[in-house]
Amino acid sequence: VLYIPGKAANAGGVGVSGLEMSQNASRTYWKREKVDAMLKDMMAGIYQQMKDNAGEDGTLEEGCNRAGFLKVAQALKELGWVY
């Protein structure tokens, strides 16, 4: 059984909500297969980020936390809130 941290598992629901908002905004319709494929790619990317940020000895949860921290830190730098 593969354990996926809650933050990463919940990202799937958030991602699908984003896809739904995108569809609504553009007044388009995507078939279920297309949404599933987009979600699969999104989740594969999230898993890879967790794995990459976990390092050799870290857990997926540690990788998830590190990846999240680095994204927030980068956003703060881009906003000019930290130097």
Side-chain angles (χ1 to χ4, degrees):
V1 174
L2 178 64
Y3 168 78
I4 298 293
K7 292 179 203 77
N10 289 336
V14 173
V16 170
S17 292
L19 294 174
E20 186 178 47
M21 287 191 305
S22 181
Q23 278 187 105
N24 291 338
S26 63
R27 299 186 190 275
T28 58
Y29 172 78
W30 297 328
K31 292 188 180 219
R32 178 183 303 216
E33 296 80 15
K34 180 175 180 168
V35 174
D36 284 346
M38 294 166 80
L39 176 60
K40 185 176 180 179
D41 289 344
M42 195 180 312
M43 295 307 291
I46 290 169
Y47 176 79
Q48 192 61 51
Q49 287 179 43
M50 288 189 301
K51 193 173 169 187
D52 291 347
N53 284 283
E56 290 184 27
D57 297 328
T59 65
L60 288 178
E61 187 158 7
E62 290 169 334
C64 184
N65 290 336
R66 286 180 189 138
F69 176 84
L70 292 171
K71 281 186 181 240
V72 170
Q74 183 61 38
L76 292 173
K77 282 178 79 174
E78 290 176 8
L79 289 169
W81 293 358
V82 294
Y83 302 99

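Contact detail for L19 and W30: the closest heavy-atom pair is O-CZ3, 3.5 Å. Taking all atoms of both residues into account, the shortest heavy-atom contact from E61 to P5 is CA-CG, 3.4 Å. Here the closest non-hydrogen pair linking M42 and G15 is SD-CA, 3.4 Å. Closest non-hydrogen pair, A54 versus R66, comes out as O-NH1, 3.2 Å.
Using modelled atom types, one side-chain atom of S17 and one backbone atom of G13 make a donor-acceptor pair closer than 3.5 Å.
Taken from CG in N65 to CG in L60, the straight-line distance is 11.0 Å, to the nearest 0.5 Å. The NZ atom of K31 sits 13.0 Å away from the CG atom of D36 when rounded to the nearest 0.5 Å. A distance of 7.0 Å separates CE of M43 from CD1 of I4, quoted to the nearest 0.5 Å.
With 3.5 Å as the limit, one finds a donor-acceptor pair spanning the side chains of D52 and Q48.
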When the side chains of residues 74-83 are checked against the rest of the protein, which donor-acceptor pairs come out under 3.5 Å, sequence neighbours left out?
unit_1, atom_1, unit_2, atom_2, d
Q74, NE2, E78, OE2, 3.1

